[in-house]
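Contents: one structure, followed by commentary.
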Amino acid sequence: MSWRSIDIPITELCIDTVLRSGQSFRWKRSGPLEYSCAIHGRIITLKQDPTKLYYRAIFPPAVNNESTASVPIPLISRTASDLEEFELQETQRFLRHYLNLEPNLGELYAQWSEKDKNFAKKAPKFHGVRILKQDAWETLVGFICSSCNNIKRISQMMDKLCANYGPLIGHIGDVPYYDMPSPAALVNPRVETHLRELGFGYRAAYLFQTAQMISREEDGWLDSLRNPENPVFGHKASPAGQMLPEGREGYRNAHAALVELQGVGAKVADCVCLFGLGWGEAVPVDTHVWQIAQRDYGFGRGKHKSLTKATYDAVANYFRQLWGKEAGWAHSVLFTADLKTFAEKAAANIVKSEEILDSVKAETNDNTATVSIKEETIVHDNGNADNFALGVSDIIARTSSIQDEIKHEPEEDIMNSNTAEGKDENAVLKREISEVAAHIMSNKRTANGHVKQERIDVKTELVERVVKRRRSDRLRR
DNA sequence: GGTAGACCTTG
DNA sequence: AAGGTCTAC
């Protein structure tokens with residue numbers, strides 16, 4: 001079974017981010033940098049390098065019964081290689097749809113950056129954040145499970161749901177892969193109890209009731225709520241209505257219909273609209289987005305003091321008028337930037353430099369050199385781990401101006417020398433500054449759970465480290 | 001129209 | 001505590 005590829009820069013699609021950022025919950029790591037999922041009746045495996053996305057697919061054994069075949073098998077397929085060729089091509093078409101490769105992310109990022117300074121500041125570290133075109137039912141189930149929950153457990157719940165009620169598609173190694181069960185597979189009254197036993201908690205009732213409500217509707221009811229510009233895979237797009245600041249008619253209609261389901265409120269409905277129904281203007285406002293709105297966009301004062309229904313609409317509408325038609329896409333970039341896993345990742349390279357510096361520090365004890373740098377105190381009133389990473393980037397951005405302020409005695413002027421070591425100094429200094437920031441900026445939780453960030457004095461810490469390192473450098477010669 | 005609890009588990 | 005929803009003041 002061979003790999004095929006699609007040419008796409010990692011800045012246009014970063015699967016390591018997109019597949020783990022919480023819009024889909026069924027992709028699993030199946031290798032060092034591989035992700036696999038039983039989807040659309042087959043197991044698809046993905047990996048990528050900076051310029052290409054690689055994919056392959058495992059299909060279930062051929063079945064003669066047409067009604068159970070999830071993929072139409074062409075009559076002309078005779079040999080095994082003909083069939084594999086067809087399967088791979090069909091898989092590529094599906095992936096282009098599912099991964100939503102049509103929109104140009106670079107252009108969109110540029111537009112949002114122009115409209116929004118905060119976006120311009122944060123987005124560069126989180127490129128390739130693209131909205132998937134997922135199955136609406138799968139999206140609905142995933143986000144019903146998401147309340148007061150985390151990505152890890154949501155994924156685990158989806159896994160159990162599929163393993164217990166979905167069709168087995170195949171194996172990778174000894175790991176079985178199951179596709180999503182249909183709503184009809186969950187209508188048996190025993191399902192609710194069973195789901196509780198499987199650890200779904202109060203969400204078991206929501207899932208069971210929602211499955212029932214959807215089963216009672218006509219086939220395709222959920223998909224009838226889709227954005228006509230983004231139809232089901234294999235169907236043709238039809239022209240969509242005009243954009244209004246609050247969202248198009250079709251979007252509001254879809255949202256209103258979804259909220260009727262059990263366990264589906266405004267937030268879950270917006271997630272389904274955005275990730276599962278192709279409505280780019282849907283902006284889910286969850287606790288994270290609410291934090292962002294308060295921290296970076298001035299919400300939380302005067303009128304919208306807490307996240308009520310009215311506040312929800314105000315925040316979502318604000319982002320729609322700020323970012324435009326694909327506001328939900330921009331929202332997801334900032335959301336990802338705020339997720340702990342990714343914010344920490346952004347700071348990972350800083351941790352590396354700490355190890356390097358530690359080995360240098362151990363060798364020095366001298367204190368004779370003096371260094372003065374510009375008085376620079378960076379203050380953040382509040383902030384979480386993500387804010388922390390951005391704080392670091394702030395400091396890195398100021399590196400050059402700080403460097404200009406650094407003067408050192410004695411005699412040797414490493415920075416201005418033309419030696420290779422001298423040039424190295426700038427790079428090392430940059431690392432030190434970011435490392436210092438990472439070291440000093442400690443987050444603390446207060447009694448009420450609020451995260452506060454301490455004041456940072458870059459100067460004191462940085463001076464100390466630079467002095468020590470230079471001392472050490474000299475000792476080596 | 002906003003606030004307070006309850007709802008279930010598990011990382 | 002964790003990506004909410006529902007119900008009753």
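In this text, all values refer to a predicted model and were calculated from it rather than measured experimentally. Chain letters run A, B, ... following the sequence lines, proteins first, then strands; residues in each count from 1.
- Contact annotation for A/I151: base contact, defined as any heavy-atom pair under 4.0 Å involving a base atom.
- Side chains of A/Y35 and A/D16: a donor-acceptor N/O pair is present below 3.5 angstrom, by distance only.
- Figure legend: cation-pi geometry between A/K47 and A/W3, with NZ or CZ positioned under 6.0 Å from the six-membered ring centre and within 45° of its axis.
- Taking atom P in both C/dT7 and B/dC8, one finds a spacing of 13 Å when rounded to whole Å.
- Partners of A/Q92 under the side-chain hydrogen bond (donor to acceptor under 3.5 Å, both in side chains) rule, at least two apart in sequence or in another chain, are A/Y55, A/R96.
- Within the 4.0 angstrom heavy-atom criterion, no nucleotide atom of any strand lies near A/V289.
- Going from atom CG of A/L258 over to atom P of C/dT5 covers 11 Å, rounded to whole Å.
- Residues A/Y312 and A/P284 share a closest heavy-atom pair of OH-CA, 3.5 Å.
- Checking A/V259 against A/D286, the closest nucleotide of DNA chain C that is more toward the 5' end is the one next to A/D286.
- Here the closest heavy-atom approach between residue A/I131 and residue A/S332 is recorded as CD1-OG, 3.3 Å.
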At under 4.0 Å between heavy atoms, which parts of nucleotides 3-11 of chain B does protein reach? Answer with one letter per nucleotide, 5' to 3': B base, S sugar-phosphate only, - none.
S---BBBSS
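- Donor-acceptor pairing under 3.5 Å is recorded for the side chains of A/Y54 and A/D49.
- Nucleic acid contact class of A/G22 (heavy atoms, under 4.0 Å, all strands): base.
- Spacing between atom CZ of A/F25 and atom P of C/dA2 amounts to 16 Å, rounded to whole angstrom units.
- Residues A/D270 and A/Y251 bring a donor and an acceptor atom of their side chains to less than 3.5 Å of each other.
- In this structure, A/I144 atom CD1 and C/dT5 atom C1' are separated by 10 Å, rounded to whole Å.
- Pair assignment for B/dA4 gives C/dT7, based on Watson-Crick or G-U wobble hydrogen-bonding distances that are each under 3.5 Å.
- Look at CZ on A/F208: it is 17 Å from P on C/dC6, rounded to the nearest Å.
- When heavy atoms are screened at a 4.0 angstrom cut-off, A/S21 is found touching base atoms of the nucleic acid.
- Separating the OH atom of A/Y312 from the C1' atom of B/dG2 is a distance of 18 Å, rounded to the nearest angstrom.
- For the OP1/OP2 pair of B/dG2 and a distance below 4.0 Å, the side-chain nitrogens and oxygens of A/K303 include at least one atom meeting the criterion.
- Spacing between atom CD of A/Q262 and atom C1' of C/dT7 amounts to 12 Å, rounded to whole angstrom units.
- Separating the NZ atom of A/K309 from the P atom of C/dT7 is a distance of 16 Å, rounded to the nearest angstrom.
- Following rounding to the nearest Å, A/D313 (CG) and B/dG1 (P) show an atom-to-atom distance of 11 Å.
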